[in-house]
Amino acid sequence: VMAFWGAPVDDKNHAKNAAKASLKMMSTLAELQKDWDERGMPTIEIGIGLNSGIMSVGNMGSKNRFNYTVMGDNVNLGSRLEGLNKPYGTNIIISENTRNIIVPDFTTRIIDMVRVKGKLDPVKIYELISEGQADEKLKIEIDEFEKALALYHNQKFEDAEKLITSLRETNPLKLYDIYLERITAFRQTPPPENWDGVYTFKTK
């Protein structure tokens, strides 16, 4: 499913409305999952990717298949971000473009600097957590992980590992496991001196 805001009618709050819709989808899914579980039915998880930018919009296709839609690199990036939720154990990943528009009205957590499949330029990616400000405990956790990520990018792996291990003991996120695994791998095979800290994905 793809949704877009800002066309055919201009929407100055396009990014915030997309973020609100994404969070509403997750809260609604939680309600559905509870009902499915009570009825002994299998549950599902979903991933959402959000990106903001210039896109081509209009009636596209042919006389056999015609649709009003959007196309372009920024659309493709949104699709790639959706696919990254599974490896990071998240539900909503947003680009730096979107994050810069919606803060401080929403709480986000930096996840990584990545090159998605089919792209050369790296992008910062964030997890969309909630609307509004985080409580003090979560804010501290987000700030501490940002410090750990800075240490990681500066190849201060031992210090980064200590900080991430501490965070994981309090909140065992898959995100923390990923970085601990990477640090272990870098101890065996250190990155080159000109390493830019970017993780390149080979698959969608």
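Computation of the quantities below employed the complete heavy-atom set of this structure, encompassing side-chain atoms and omitting hydrogens, waters and symmetry-equivalent molecules.
Between P191 and Q155, the closest heavy-atom pair is CG-OE1, 3.5 Å. The minimum heavy-atom distance between E82 and G47, with the atom names listed, is CG-O, 3.2 Å. The minimum heavy-atom distance linking A148 with L163 is given by the pair N-CD2, 3.6 Å.
Sorted by first and then second residue, the side chain to side chain donor-acceptor pair (under 3.5 Å) pairs involving residues 162-180 (not counting sequence neighbours) are D112-Y179, E141-N171, E141-Y176, R168-D177. Among pairs with a residue in residues 122-133, those fulfilling side chain to side chain donor-acceptor pair (under 3.5 Å) read R109-E127, at least two apart in sequence or across chains. Counting only residues at least two apart or on different chains, no ring-ring contact (aromatic ring centres under 6.0 Å, His included) pair has a member in residues 28-75. Residue pairs that meet the salt bridge (Lys or Arg N to Asp or Glu O under 4.0 Å) test with at least one member in residues 83-107, sequence neighbours left out, are K16-D105. Residue pairs satisfying the salt bridge (Lys or Arg N to Asp or Glu O under 4.0 Å) criterion with at least one member in residues 22-38, sequence neighbours excluded, are listed as follows: D35-R39.
Partners of N76 according to the side chain to side chain donor-acceptor pair (under 3.5 Å) rule, which considers only residues two or more places apart in sequence or in another chain, do not exist here. Residues passing the side chain to side chain contact (heavy atoms under 4.5 Å, CB included) test with E45, sequence neighbours excluded: Q33, N91. Applying the side chain to side chain contact (heavy atoms under 4.5 Å, CB included) test to P192 and every residue at least two apart in sequence or in another chain returns N194, W195. For the side chain to side chain donor-acceptor pair (under 3.5 Å) test, no residue two or more places apart in sequence or in another chain qualifies with D135. Taking the side chain to side chain donor-acceptor pair (under 3.5 Å) definition, one finds that D143 meets it with K139, sequence neighbours left out.
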List the steps, then state whether side-chain contact (heavy atoms from CB on, under 4.5 Å) holds for I125 with L84. CA-CA 10 Å; I125 59 173; L84 295 185; 4.0 Å; yes

Run the side-chain contact (heavy atoms from CB on, under 4.5 Å) check on L32 and I44 step by step: do they pass? CA-CA 9 Å; L32 290 170; I44 64 169; over 6 Å; no

Using salt bridge (Lys or Arg N to Asp or Glu O under 4.0 Å), reason through R187 and E161 one step at a time and then give a plain yes or no. CA-CA 11 Å; R187 280 190 170 148; E161 183 180 47; 2.7 Å; yes

Evaluate L175 against T90 for side-chain contact (heavy atoms from CB on, under 4.5 Å), listing each step before the verdict. CA-CA 8 Å; L175 175 65; T90 54; 5.8 Å; no

Would F106 and K20 count as a side-chain contact (heavy atoms from CB on, under 4.5 Å) here? Give the steps. CA-CA 9 Å; F106 293 79; K20 288 180 180 181; 3.7 Å; yes

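Seen from the ring of Y199, R182 counts as a face-on cation partner, given the 6.0 Å and 45° thresholds.
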Which pairs would a plain distance check flag for residues 4-12, meaning a side-chain donor or acceptor within less than 3.5 Å of a matching protein atom at least two apart in sequence or in another chain?
| from | atom 1 | to | atom 2 | distance (Å) |
| --- | --- | --- | --- | --- |
| D11 | OD1 | N13 | N | 2.9 |
| D11 | OD1 | N17 | ND2 | 3.4 |
| D11 | OD2 | N17 | ND2 | 2.8 |

Side-chain polar contacts of residues 48-62 - donor-acceptor pairs under 3.5 angstrom, sequence neighbours left out - could you list them?
| from | atom 1 | to | atom 2 | distance (Å) |
| --- | --- | --- | --- | --- |
| N51 | OD1 | S95 | OG | 2.6 |
| N51 | ND2 | N74 | O | 2.9 |
| N51 | ND2 | N74 | OD1 | 3.1 |
| S52 | OG | T98 | OG1 | 2.8 |
| S62 | OG | N64 | N | 3.3 |

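Contact of the I102 side chain with the L128 side chain is registered, since non-hydrogen atoms from C-beta on lie closer than 4.5 Å. Residues N85 and I46 fail the side-chain proximity criterion, which asks for heavy atoms closer than 4.5 Å.
The 12-atom threshold is not exceeded at CD of E146, counting heavy atoms of other residues, nucleotides or ligands nearer than 6.0 Å.
The cluster map of Ile, Leu, Val, Met, Phe, Trp and Tyr, joined by side-chain heavy atoms under 4.5 Å apart, puts L29 and M25 in the same cluster. The hydrophobic clustering, which links ILVMFWY residues whose side-chain heavy atoms are closer than 4.5 Å, places I110 and L77 together. Linking ILVMFWY side-chain heavy atoms closer than 4.5 Å, directly or via other members, places L167 and L180 in a single hydrophobic cluster. Linking Ile, Leu, Val, Met, Phe, Trp and Tyr whenever their side-chain heavy atoms come within less than 4.5 Å leaves I101 and V70 in two separate clusters. Grouping the Ile, Leu, Val, Met, Phe, Trp and Tyr side chains by contacts below 4.5 angstrom, directly or via other members, places I178 with I92.
Atom OH of residue Y152 and atom CG of residue L149 lie 8.0 Å apart, to the nearest 0.5 angstrom.
Using a cutoff of 4.0 Å between basic side-chain nitrogens and carboxylate oxygens, D159 and K147 are not scored as salt-bridged.
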